[in-house]
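In what follows, chains carry the letters A, B, and so on, assigned in the order in which the sequence lines appear, proteins first and then strands, with residues in each chain numbered from 1.
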Amino acid sequence: MQQKHFWRFVIGLALMTMATALGQSEADPPVSDTLAVADTAAISVPAPLPVTNLIARDKPNDRGYGISLSWDLSPDDTGGTQSVLGYRIMRSTTPDGPWDSINVAGSGDALYDHIGPRHEGDSGYFPDHTDMYYRVDVLTADPGVAVSSGVVGPVQSRGQWFNTARTVVFLFMIAFCGLVIWFVTHARRGKDLYVRPLAGIEAVDEAVGRATEMGKPILYLCGLGDAAEVPTIASFTILGRVAKRVAEYQTQIIVPCRDPIVMTVAQEVVKTAYSDAGRPDSYNPDSVFFLTIEQFAYVAGVNGIMLRDKPATNVYMGKFYAESLIFAETGTMAGSIQIAGTDEIPQIPFFFVACDYTLIGEELYAASAYLSREPVLLGSLKAQDYAKAAIIVFAILGFLATNVSALGGPEWLAGFVDLFQVRE
Amino acid sequence: MRRSTLIGGSLVVVFFLAAWLIKGAGASGESPYYSAFLITLAAFLTLAVFSFLYADNPVYKFAEHLFVGVSAAYWMVLGFWQTLVPNLIPRISRALSEQLELEYIDELWNVLYVIPVVLGILLLLRLSRKLGWLSRYAVAFIVGTTAGLNFIAYTRSNFMAQISSTFLPLVGDWTSWAAFVDNLSLSATGPLALLMANIVVVLGVVCGLIYFFFSREHSGTFGMASRLGIWILMITFGASFGYTVMGRISLLVGRMTFLLRDWLGIIAS
Amino acid sequence: MNRTLPFLLTFIVGFTIVIATFSPPLDRLAVDTAVFFSIIAVFAMILGGGNLVKINLVKITRRQRDWQFAIVTLVGFFFVLIIGLFKVGNPGGVTGQVDAPGTPFFDVYTYVFVPVGATMYSLLAFFIASASYRAFRAKNREATILLIAASIIMLGATPFGTMLTAWIPDSLDIFEVPNLHFFLMSSPNLAGQRAIMIGIALGVISYSLRVLLGVERSHIGKDGG
Amino acid sequence: MTTGVIFTLVVIGGALAYFAWRSLRGKEIDRRLIFLVIGATVALPLIFPLEFEHQPSPLVERIYERIEALPPGSQILLSYDFDPGMAPEVQPMADVITRHVLARGHRIAFMSLWATGQAQLNQTLNNVIPVDFPEAEIERDWVNLGFKAGNEGVLRVIASDLPKMFPTDVEGRPTAGMPALEGIRSAGDFDLVISFGGGKPGPREWILFVADPTGVDFAAGTAAVSAPELYPYYPNQMLGLMGGAKGAAEYETAFMGQYEQFADMPSPGRRIMGPLTMAHIVILALIVLGNVIYFRSRRERGTA
């Protein structure tokens, strides 16, 4: 089983590596021309000095149809006569023209990305793999006065198969995938992976017993997230455990859902739990139902259930927003034992003060792994722990590097710090 | 019990009818009684929800159930007219596009837009007991898309970017030890404040992560770090609590403003 | 079979999006997938409405508790659905903006949806007040820290906090409430939030990975329907 | 101090004194009485307004300064990702930012990831633009793209290709060629993106799916509840943050102080601050009171 998954992953990896290689082989040396020729026609204000060091190159890490231009400002832009109003970007398919005006960059700008439309027939169509020549004219208040730079080119635009700006993210992704696969495989082989005990979970069994004694139902909420969200998934695991206990004790469970998809999954989970407990006939499909998708309409509905049915225990696991306090408060009013777990930080303080047990953030995921003893979850938990250890190390190293390089340390330290800049 | 409900109900009705008529008589504009009706209706619903504070009651239930129906329909209608119509119709039907005055988008790949329609219809089959299982194809698509999107986005923004944001300098503009020591003061803008703030951030992140470390018993030095971590987390939750209180009170002010200004006209706008 | 095909769909769609992130020419594929996702999201809303109708019809026919209110829900639902879908009373006709001011649809939003929805949230102000008095206890060291931090934040959020400590000289102004507020928010709060955020991110990433690799299939259901 | 304010203080002080007296004698306080006092604490300062001075905090100031620093004609995307339940906090921010942006001569694209956001957007379009900027033209100075379903799906699309998600504006006019969207291929081409929200999808999803992949400048105006959890994104991934009514009031103060023609504009954010201050004091007093009783009873149990 795990072999199959492993190969699936390896193939994905190989494809990406190929893409990387392709991307690099296509990197182009930039074309540059530092020679500047002033076009001195019809002068009425003093002609500004032209831009220098104009460089045109294929725009990196795009899907083609883009040329990046950079230049050194005309000395008369910020200093000198300060007569520069802007820079007009000119393009041609031959070094001698005819020239198309592309756009105007403001004074003080020394960069321009020329990105053309992708469809033939659109105005200003910009074919890839075609020689292009560029020139930048300095504009002044007098439309007659424009000083041209030298022509640079030829330059071609093309798409890259791999976005090198995202290499670090890519590498981390691979490393983390490796960790997860490694630990999941280990867990599947039956290695016992230790998880520290969590107080909130032991409370669940006790709570089901109490409900049975009192002859009252258990209310279970999977939160307001959708079925694909991690806390909701964790909630399903815990629901499975609770429902199994409920089936064994012949108590009743109520699961009102806020999302139709969550409802379907929850139904499946409860049904399976009843079968696992050997009581498939006791399963009542109406015990898991959809209320409404609107947050507060849902809260109102659940409130109503709490006050009318007075469940012995309320379990809140999953994504919760503003309603956490109302749930917890109403639950207290109804005299129920309450066990909560969410990764929504703003709600944790309220659960913390109003509930008997609270799982903070990730403890919810850990609980789900701990309960199910499922190799996949345990393995992932381990991988996450190792990733955390790695972060602690990187954070401390980066922190030291930043401060040592700020105090005049070697340059490669700054390079190490920059490695982690992932925002584009 | 029945009788008291009836009397109470009629009193509420009479009260709001009177409020409507008084408001309508005092209002100006094209249709004063219609706009007065709307304001009174809104005030009634506001107070109906507030009545939950006293106890759960039929008036609250009425507002609650009305809201359930209205909100589901509201999202459906908006989804239909804002997304389904403009993003789907111009790619599947020229005639319908013309009828709705939308510009037909003529592209080769338009035929692919059958996919979301088919998956959408499969999703709706969930309403049927027999064919419900077909909806898992739609769910598979939804889950796959979300997983793909989250995988990258969380790696980049909530994981890697957070590491680099923790590389903090302890001092702003470093010149010399002498200058640093000279400037030490308990001013909020001084170097000592920055030093403390940044040390707390780095230590806090590290110890907080240690608290969420599940593979090891929290004892010894590790346990102490985890201890510090939970304290930092408690400050975090305290901050959360404070801000949440602020948010909730603001909402109450909003509703009070509606009642006092728009309905009763006690305060000026 | 019943689970393999849906899994393949998940796998293809998910990996298309992941790979497109690193390969600019494939970006278009991810964009199209996301557009499809948006369209399916509308169907999910329709499913929500359909479920609502189904549940409430059952409630009425079986005369379950509060079935009378189920009628209120259905009337509200169909009323808004009809005036919305057919753009009843819309000055622009069928091509007008659906919630243009002056339409019944707009009025229902402003005078029914807003008062109920907003008032529901504001109930929380009352519940917080009573919880503060009854439940918010400094039971242990952790809860005490939480309380003190919350108090400083709440004071610092108001002009009252500024007035309270305005007498502190500039050289010690780190102890003024607004500055303490800023320090708590941007240092310990930031650190704690970041630690939690990183942990959650790892959870999301590993879950997404498991879904994409097909190790996690709970969303598709069990074999055999 | 007017008699009204004194009356307010007497009522609230009296209520707290009563609570203290009752609870120190070991008697219960009906929660409905607490509800009533909180209601009065909020209502009275609205009827007899309390005015305060506000100092913009650094996170709010940075948004203000960024909008000031952009050259006129810059394009700004404002996304309304909230519902009536967040509106009292977030709508004032959206309104004052709209005023500031138009007063600076920038262009706005409005959109929404929440169906309810489109309706809240109508509020700005009805109450702010025609009143304060009658000369602002649709399509030239602003465009309303409206609501799209699909949460992060929508964001993923507009991060690469905005017209694909928004072929038309909210009234069905084609967006191609609109001056307000000139040169905009993706959300990354805007000079600034601001999301007003607090739930999901909200500012966090904007950072994850738009701001970080495209590198566009991003700021958020958020309901107080979700403000603390956005701090880790500051300053690297988010240039500024307005948190709750406090943030709105601070921005209003900054804006009204500098733009004299708006000195008398409605400032709903500042209006909240009076009642908010009183309510915070009352809640703090309730916490202290509750804990005094708790510790007293614990000590009594300990000695008994």
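With a 4.5 Å cut-off on non-hydrogen atoms, Q193(C) touches chain A through its side chain but not through its backbone. The contact between I391(A) and chain C is made entirely by side chain atoms (from C-beta outward), counting heavy-atom distances below 4.5 Å. Within the 4.5 angstrom heavy-atom criterion, atoms from both the backbone and the side chain of V376(A) approach chain C. Contacts of D62(A) with chain C are made by backbone atoms alone, with heavy-atom separations under 4.5 Å and no side-chain atom involved. Contacts between R194(C) and chain A at a heavy-atom distance below 4.5 Å are absent for every atom of the residue.
Residues meeting the salt bridge (charged side-chain N to carboxylate O under 4.0 Å, His left out) test with K388(A), sequence neighbours left out: E362(A), D385(A).
For the atom pair CG of N303(A) and CE of M120(C), the computed distance is 8.5 Å after rounding to the nearest 0.5 Å. For the atom pair Y365(A) OH and L202(C) CG, the distance stands at 10.0 Å (nearest 0.5 Å).
Listed here is the closest heavy atom pair of G48(C) and F290(A): O-CE2, 3.4 Å. The two residues T21(C) and R166(A) have their closest heavy-atom pair at O-NH1, 2.6 Å.
Heavy-atom pairs under 4.5 Å with chain A were tallied for A143(C), S206(C), P24(C); the largest tally goes to P24(C). Of the listed residues I200(C), L52(C), V204(C), T73(C), the one with more heavy-atom pairs under 4.5 angstrom with chain A than any other is I200(C). Between chain C and the residues F289(A), F176(A), F350(A), the largest count of heavy-atom pairs under 4.5 Å involves F176(A). In terms of heavy-atom pairs under 4.5 Å with chain A, the best-connected choice from S208(C), G203(C), A195(C), S130(C) is G203(C). In terms of heavy-atom pairs under 4.5 Å with chain A, the best-connected choice from L26(C), L47(C), I55(C), I198(C) is I55(C).
Relative orientation of the F22(C) and F170(A) rings is perpendicular, given thresholds of 30° and 60° on the angle between their planes.
Residue-environment remark: CZ (F394(A)) stays at or below the threshold of 12 foreign heavy atoms within 6.0 Å.
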Stepwise, does the side chain to side chain contact (heavy atoms under 4.5 Å, CB included) test hold for L213(C) with V180(A)? CA-CA 11 Å; L213(C) 295 179; V180(A) 171; over 6 Å; no

S380(A) vs R210(C), side-chain hydrogen bond (donor to acceptor under 3.5 Å, both in side chains): CA-CA, chis, key distance, verdict: CA-CA 9 Å; S380(A) 307; R210(C) 298 197 305 263; 2.8 Å; yes

